[in-house]
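Beneath this line is the structure, given in structure tokens, with notes to follow.
Values below: every heavy atom of this structure, side chains too, minus hydrogens, waters and symmetry copies. For clarity, every value in this text was computed on a predicted model and none was experimentally measured.
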Amino acid sequence: MKDKAIYVKWIAILCAVMALFCLAIFVVGYKDLSFGRVATVIALLVASVACGIASKKMATAPEKIAPASAKKTTGKRSR
């Protein structure tokens, strides 16, 4: 479960970096503000926050352990 949490954390960081890059483009004046560009920045920020929260929940959640009966296999196929 911790591997998934790290993966989701990296996605959150990447979304935040992309949103900051978009904002930097606006500040420098390379591109003008438009509805689509502002919506993209907002979507990236929301995704970053959502992935950050999800990764924290995944990291603190206890791992589920399968019951002992589910682990036993006989190696024979049933028909």
Side-chain angles (χ1 to χ4, degrees):
M1 199 66 146
K2 302 252 186 222
D3 292 336
K4 290 180 184 179
I6 292 171
Y7 177 73
V8 175
K9 188 177 194 178
W10 273 103
I11 293 175
I13 292 168
L14 289 174
C15 287
V17 168
M18 288 189 290
L20 289 174
F21 181 75
C22 290
L23 289 175
I25 288 174
F26 296 147
V27 170
V28 170
Y30 183 71
K31 295 278 186 179
D32 294 329
L33 290 174
S34 70
F35 177 77
R37 291 182 184 122
V38 172
T40 300
V41 171
I42 291 171
L44 285 169
L45 290 173
V46 168
S48 177
V49 170
C51 287
I53 292 171
S55 71
K56 285 188 180 186
K57 285 186 179 182
M58 284 182 195
T60 58
E63 293 189 29
K64 294 180 181 177
I65 299 173
S69 61
K71 291 182 181 179
K72 293 181 180 178
T73 57
T74 59
K76 296 181 182 177
R77 293 184 184 176
S78 61
R79 293 185 182 211

Heavy-atom pair with the smallest gap, counting every atom of Ser55 and Lys9:
CB-N, 3.8 Å
Taken to the nearest 0.5 Å, the spacing of Thr40 OG1 from Leu45 CG works out to 11.0 Å
Determine, using the 4.5 Å side-chain heavy-atom cutoff (strictly less than), whether Val27 and Leu33 are members of one ILVMFWY cluster.
no
Do Leu23 and Ile42 land in one hydrophobic cluster if side-chain heavy atoms of ILVMFWY residues count as linked below 4.5 Å?
yes
Note: Val38 and Phe26 closest approach over all heavy atoms is N-CZ, 4.5 Å
Nearest heavy-atom pair of Cys51 and Val8: which atoms, and what distance?
O-CG1, 3.2 Å
Between atom CG of Leu20 and atom SG of Cys15, what is the distance when rounded to the nearest 0.5 Å?
11.5 Å
Closest non-hydrogen atom pair between Ala12 and Gly52, with its separation:
CB-N, 3.6 Å
